[in-house]
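Atoms within each ligand, like the ligands themselves, are counted from 1 in listed order.
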Amino acid sequence: MTYDDNNIFAKILRGEIPCDKVYEDDHVLAFRDIQPQTKVHVLVIPKGAYVSFADFSAQASEAEITGFFRAAGKIAKDLGIEGDGYRVLANTGVHGHQEVPHFHLHLFGGQPLGRMIKPPQG
Ligand code: AMP
């Protein structure tokens, strides 16, 4: 899948639209989800142009992958959700219901989260 330079996270990375930033370094930007589903709901994105988890895991450099996952863990810790626990989620592709085609992790926390996913209907 070709990367769409006009996706909303690309615009956030270029500073064309604002975000509620919680962390930034050379490889990573993290900001609060605009429609939070839990008390703490933060999105962690690589600065590189990767469409999905599949794209990132296959194509990103070792430095990008290491930097990304180290940052994600640090962000969760700094948000104060590590102690009680949290959930990391990467929606991928059509079945994963990925809406924004720039790879991102969701960090959910700040409250009990229930079962892993809602069982699909039918
Ligand atoms: P996904 O289904 O994993 O692609 O989820 C995309 C997420 O991006 C959703 O939870 C949206 O609420 C969130 N989102 C969309 N636009 C923005 C924005 N401008 N700032 C912050 N979060 C956003």
Around atom CZ of Phe53, are there more than 12 heavy atoms from other residues, nucleotides or ligands closer than 6.0 Å? no

Restricting to non-hydrogen atoms, name the atom on Leu113 and the atom on Phe108 that form the minimum distance, rounded to 0.1 Å. CD1-O, 3.6 Å

Pick out which of Leu43, Leu89, Val44, Leu29 makes a side-chain contact (heavy atoms from CB on, under 4.5 Å) with His104. Leu43

With a 4.5 Å heavy-atom cut-off, do Asn91 and His106 have their side chains touching? yes

Could you pull out the closest heavy-atom pair between Val42 and Ala30, with the gap in Å? CG1-CB, 4.1 Å

So which residues, sorted by chain and number, lie with a heavy atom under 4.0 Å of ligand 1? Ile8, Phe9, Ile12, Phe31, Arg32, Asp33, Ile34, Gln35, Leu43, Asn91, His97, Gln98, Glu99, Val100, His104, His106

Side-chain donor/acceptor of Ser57 to backbone N/O of Ala54, under 3.5 Å: yes

